[in-house]
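Notes for the one structure printed next.
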Amino acid sequence: DAGVIQSPRHEVTEMGQEVTLRCKPISGHDYLFWYRQTMMRGLELLIYFNNNVPIDDSGMPEDRFSAKMPNASFSTLKIQPSEPRDSAVYFCASRISSGGANQYFGAGTRLSVL
Amino acid sequence: AQKVTQAQTEISVVEKEDVTLDCVYETRDTTYYLFWYKQPPSGELVFLIRRNSFDEQNEISGRYSWNFQKSTSSFNFTITASQVVDSAVYFCALSEEQTGANNLFFGTGTRLTVIP
């Protein structure tokens, strides 16, 4: 069984450029989560989807961040324009709808904005 | 207020020693879930265990064991006979039923170094 797949694993870009991070959840999982990990703030939830619909985006830092889930097997997190303070590791996770079920995490995308 | 507190920022032990990682949580919900994740140097987050608030039975899995005590709001993790491969950052996390158990509140993590 394939786990949560994220791409790219590493991304280096220059300030002002658009960055798109991709995630393929585990098949059959109907919840998808995007997290950001930084030294200062630790792991924080950015947004999550249920059945492809965004449910809570209160963690999205600002309008430069947007996320979509066009179908059950694909989601993107876009930053436009990117800034150096966006440098972090971005994780995608998915789970089934059973209450309190475990979230399975992808390997993460390490983003560096120069 | 921090929902999950991992007071130990870093711990170093010599191989084969036992080590306990502390986790204290805070919630007003009666139904909640507690988790431990491991983040090795490679960076991925690996699920270790999940516990719901109605199940206080301690659990053992090989060299790993977990002690859940509602009376002290703690969910501690013990590694017996530690090995170098146990070196990682360990996160404790909480989700609450009242928010649909969707938001995982993570502690700040404990970095464990096992010295050969």
Side-chain angles (χ1 to χ4, degrees), chain A residues 1-11 23 25-26 29-51 53-60 88-112, chain B residues 1-10 23 25 27 29-56 59 61 66 68 75 88-111:
Chain A
D1 230 4
V4 176
I5 300 172
Q6 290 186 246
S7 64
R9 289 295 313 275
H10 303 274
E11 177 80 33
C23 175
I26 294 172
H29 285 192
D30 46 12
Y31 280 87
L32 183 139
F33 305 81
W34 283 100
Y35 289 85
R36 179 172 66 175
Q37 184 179 32
T38 61
M39 289 295 293
M40 291 298 294
R41 300 174 67 89
L43 276 156
E44 52 183 346
L45 177 67
L46 300 178
I47 184 171
Y48 75 88
F49 296 82
N50 177 216
N51 291 322
V53 176
I55 302 301
D56 184 355
D57 65 354
S58 59
M60 296 285 261
V89 179
Y90 292 82
F91 287 101
C92 176
S94 71
R95 72 166 177 88
I96 59 175
S97 57
S98 175
N102 172 49
Q103 294 182 22
Y104 291 88
F105 284 77
T109 295
R110 182 174 295 277
L111 173 65
S112 297
Chain B
Q2 192 76 3
K3 286 185 179 286
V4 178
T5 300
Q6 295 180 256
Q8 306 151 307
T9 305
E10 295 191 30
C23 173
Y25 63 91
T27 180
D29 208 344
T30 55
T31 303
Y32 53 90
Y33 307 88
L34 295 163
F35 304 81
W36 275 95
Y37 285 85
K38 174 182 180 180
Q39 188 172 40
S42 50
E44 70 270 30
L45 279 163
V46 179
F47 165 74
L48 295 178
I49 191 172
R50 166 188 177 271
R51 261 293 181 261
N52 72 55
S53 53
F54 300 108
D55 183 3
E56 282 192 79
E59 181 160 337
S61 177
W66 291 269
F68 177 25
F75 186 43
V89 181
Y90 290 86
F91 291 95
C92 180
L94 163 77
S95 68
E96 299 166 311
E97 188 66 30
Q98 63 184 356
T99 56
N102 290 314
N103 195 351
L104 266 180
F105 297 97
F106 283 89
T108 51
T110 297
R111 181 178 299 277

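Chain A is the first sequence line, chain B the second, and so forth, proteins listed ahead of strands; every chain is numbered from 1. Hydrogens, waters and symmetry mates play no part in the numbers below; they use all other heavy atoms, side chains included.
A distance of 7.5 Å separates CZ in R9(A) from CD in E44(B), rounded to the nearest 0.5 Å. To the nearest 0.5 Å, the span separating CG on N103(B) from CZ on F33(A) amounts to 8.5 Å. For the atom pair CG (N102(A)) and OH (Y33(B)), the distance works out to 12.5 Å, reported to the nearest 0.5 Å. One distance of note links CZ of R41(A) with OG1 of T108(B); it measures 14.0 Å at 0.5 Å rounding.
Contacts between Q6(A) and chain B at a heavy-atom distance below 4.5 Å are absent for every atom of the residue. Only the backbone of S42(B) comes within contact range of chain A, with heavy atoms under 4.5 Å apart. At a 4.5 Å heavy-atom cutoff, the contact between Y37(B) and chain A is made by side-chain atoms alone. Neither the backbone nor the side chain of Y32(B) comes within contact range of chain A; no heavy atoms are under 4.5 Å apart.
The shortest side-chain heavy-atom distance between F91(B) and Q37(A) falls under the 4.5 Å cut-off. Residues L43(A) and L45(B) are in side-chain contact: their nearest non-hydrogen atoms beyond the backbone lie under 4.5 Å apart.
The environment of CZ in R110(A) is sparse: at most 12 heavy-atom neighbours from other residues, nucleotides or ligands sit within 6.0 Å.
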**OP:** Show your working on side chain to side chain contact (heavy atoms under 4.5 Å, CB included) between F105(A) and L104(B) and close with a plain yes or no.
**Re:** CA-CA 12 Å; F105(A) 284 77; L104(B) 266 180; 4.3 Å; yes
